[in-house]
Structures are given as C-alpha cells and as structure tokens.
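Scroll down for the structure; my scribbles are underneath it.
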Amino acid sequence: MHKLRVMGMNILLITAVLMGEEKVVDPFAVNNGSIPSASEYSGTLYTLHSHYPKIYEKTLPMPWRDVLKGKPLTKENAHAYVLALKKYVKKSAKDFLDNPEQWNQSSQKGWYGMLWAGDSVEKTGWEGRDAIYGTYTGQIMAKEVYSEYGLTVDIRNHAGIYYNEAAAYTLHKVWEVCNEKTKECVPSIMNDEAQFKEGAIVIKAAGVTATPEEWPVLKGAAKWQVYRKPFDLNGTIIDAKPKVTDLRVGIFDIIVKDSVASPKTGWVFSTLVYDRNANGNSVWDRMVPLGAIWGNDPDVNSAQNPHQELMENYINPNAPAWTKETLGYGGRMSGPFDIAVKYNVEVNGTMVKALRSSSCLSCHGTSSYLPDNYHMNTFLYPAKEYKNKPWKMYTPGSKKWNEWFQDRAGDIPQSQEKGAIALDYSTFLEAVLMNYAAENMDENNVSQEMFLKWKAYRSFSKH
C-alpha cells in the first residue's frame, strides 16, 4: 500500500521541492500531500473520481418530486420531501456515512469530487483535501456554543462533499478543457457552464473532533478519521504535525436543484442531523430531518417583525434541541456546524454577543466570480468590516443587510460589479476558482484583495 501511496504523490510538488522552487499546485491532486505512515494508519485512502459524465441525462428519475404533485414546495410537505431525498440517496450515502473502509474501496459509482480542491493553496488559506477520507477543514466553534448540551471542548468540523451525475455534468462543462497529463486546468464559466441542471444533487456530511465523552449528543454517531494538523480557536496550528484524528458525524446535507419545488431560487437545501434517541437500527436511520430552505423569505423582515412566519423555510419541531441552537437569521435554516450565528460582533457601535446572521441560501447566494479581477465579490455574511475583529455588521433588517436575504435565480449574482458571473449557489466552486486564480495570478499587477474575504471566513476565533 505504501508503494502505491508514494507513486500517487504529486510529482510536480516533489520536483519543485527538489529544485528549491515555490510549490506548484496540482489541480488534479487527490490530497494535500500529507499522508499518514503505516504506523499511524493502516486503512484505505480516499480516491478522487473526476472523470465527469459528458452527457446530461434529461430523463434522470426524480422520485422526490412525487411529494410535490407538480406544485412548489410548502412548509406542509417539506418534511416528506426531505425524507424522499434521504431515501433516494440512501444506497450510496449510507456507506459514505457509516462504512468509510467500504466507501473508499468502492467505485463510488454516480458520485464525483472536485478539481482544484486537493492541493493546499497558501495564498487563499485553502488546506487541501485530507488523504484518509477526502474531507475539507471547516469551521471552529468554541465549547461555549454548545455547553448547554454537554460540549466540553472546542471543536472543528471536517466535511466530505460529492456530486451526483447531473451535478457532475456541470463540473464537466466547467473543467472541460483541463488536461490531466499536462496539468493544465483552466475553467470555462463565461457561457453559463456553471449553471447546474435539474436533478443535480450535492451531498455533504460533516463530523466534528469531539468524542462522545466530550459531547454526549454524539454517542453512537458514525465515526470517521482524518489526517490533519491540530487547531486552536485561532485556526490551524501551522507548525504542528498532522495526526490521525477521530470525528463523529453530526450532519448530512442533501442539496438539490429542483425548479418545481423552488421556482424562485431553483434550489432546496436540506439537512439531516444525528439524533441518538431516534428509532432505527443503523446510524443512517438515526439521521433525522432538521429542516429545509428553498428561499430567503425576502418579504419577512425578521429584525423588525421577529414573530412573522417564514414561508420558504421548514424546521422540524422534533429535531434534537442542540441542532437548533445555531439556526440562522430569524430562524432560517442553517446546519449546526455552518456558523450562521456570529459571536462578539459590532452593530452600530454596540457589541453583540451572538447575532443570527446567515442561512444556507444567503451564504451560498453570494457565490460569483469576476474573471481577471481575482477577488471574492461578495462576502458570505452581511458584514461591512471583517478584516479585523470585532466584525462590524450591517444593521439587521436594513436595506443593506437585506441584500443577503433575497430570492435570486442561480444565474443572477448578488454582486453589482460589472461582469460578475453567478455560480448558481455553489460556494465550493467559488472557492476552487479562487484557488485557480491564486495559482495563475500575476502578483505584480493584481490586488490581493480577493483573498482577504476568503481568509476572514476561514480564520475563526470563537465563531
């Protein structure tokens, strides 16, 4: 196995190191080059599947639409809709969630990973893909966030992300001119290549670094392992050595492009959460709906009318209490590890201990790319100053704040900059395009501004 690992290492990186050159980022890298030794880990390793389908099957079955009866999604049928999505992805998702060894060794037929995501990229702060299970480092949360629910240590989440065949067709269009032999990989996004097709599904599962003893709500949850450097509340400890770290999986997102269910935004974001008390013989059975969101309810000003009902949002009243602690603005859907609540921020000169500032759709709705300008056009949160702490937020409910809570089609960017290209609610695609830009930018002529917003999001201290 170790011979295979050595053969699979990034040859460009080895050459650059030997010649004393700056690291060359490989857009096809399977992982970030940090591979555990046999004494540290003896299991299987992640394999990147990026031979994307070249044809979009318009007759792709979408059985979850049976719930809709031809009409848009409502609060009344959202629970059944999420369960239908869960049933649809079960065959593959169950192994991905609860059988890492088998998932790594399988063909993962019908599911694909992302290019420009494997290698670490120093300029953007991207830490690359983990070698063991192909996960990405995520947000850090202080133990105080969930202390009421028994959390005794600070935690970090690590997420695995896969695209089904319909979604991977869009990745094929974006990366169509890439050549694995030459390592040339230039994106194509000028002619709506980044717009996803109907039936596109993205699954994302995330685990955290707490053990069940450190956080009892995770007792019996699926266990993953990753090979990562340790962290503190300021971020990754850069000069530390990576180590095999256990995770317990708490959330499983199923994100679907469905314009029947969601005619305004085109997307439904749903989240399953682990419930140790749920009925069922398997971990998959104990992943229950937290909720779904298919719009930002722009007509509901939750700051001015906090009791007004959201109509494009469903929260399961029977979901575990801990999973609702970090719901977003006005109770809009956001998963437990997605940091919709910002801590110790400033609003109009006053410090606010905890501010619900986001939602699944408001965050992903910022996704866009501006060719040749190489910067993140719109920050993921309604913050007017984020480079230093405390963050200064726009006034909740104000016109500027509300720009983050609109119902836009996926081809309409939130950014008002001329030439900005909307990325159809894909923050992951935005991140890897930034990695591409970082590797190909002319540092003598191009501003570093594009990286500041991304690093502000990546660098958490008690967030």
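Position 1 is the first residue of the sequence, and the numbers go up from there.
Listed by first and then second residue, the disulfide (SG to SG under 2.5 Å) pairs that reach into residues 109-168 come to none, sequence neighbours excluded. Applying the disulfide (SG to SG under 2.5 Å) rule to pairs touching residues 27-87 yields nothing, sequence neighbours excluded. Among residue pairs with one or both ends in residues 103-212, those qualifying as disulfide (SG to SG under 2.5 Å) are C178-C185; sequence neighbours excluded.
Between W215 and Y146, the ring planes lie tilted relative to each other; the angle falls in the 30° to 60° range.
Test F196, F269, Y425 against H364 for ring-ring contact (aromatic ring centres under 6.0 Å, His included) and you get one pass: F269.
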Could you tabulate the donor-acceptor pairs under 3.5 Å formed by side-chain atoms of residues 82-89, not counting sequence neighbours?
| unit_1 | atom_1 | unit_2 | atom_2 | d |
| --- | --- | --- | --- | --- |
| K86 | NZ | W284 | O | 2.9 |
| K86 | NZ | M287 | O | 2.7 |

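Remark: K264 engages E312 in a salt bridge (Lys or Arg N to Asp or Glu O under 4.0 Å) (not counting sequence neighbours). Every residue two or more places apart in sequence or in another chain was checked for a salt bridge (Lys or Arg N to Asp or Glu O under 4.0 Å) with K324, and none qualifies.
Taking every heavy atom of both residues into account, M333 and Y314 meet most closely at CG-O, 3.9 Å. For the pair W294 and A261, the tightest heavy-atom approach, listed with the atom from each and the gap, is CD1-O, 4.2 Å. Minimum heavy-atom separation, Q225 to Y41: OE1-CE1, 3.5 Å.
Seen from the ring of Y169, K197 does not count as a face-on cation partner, given the 6.0 Å and 45° thresholds.
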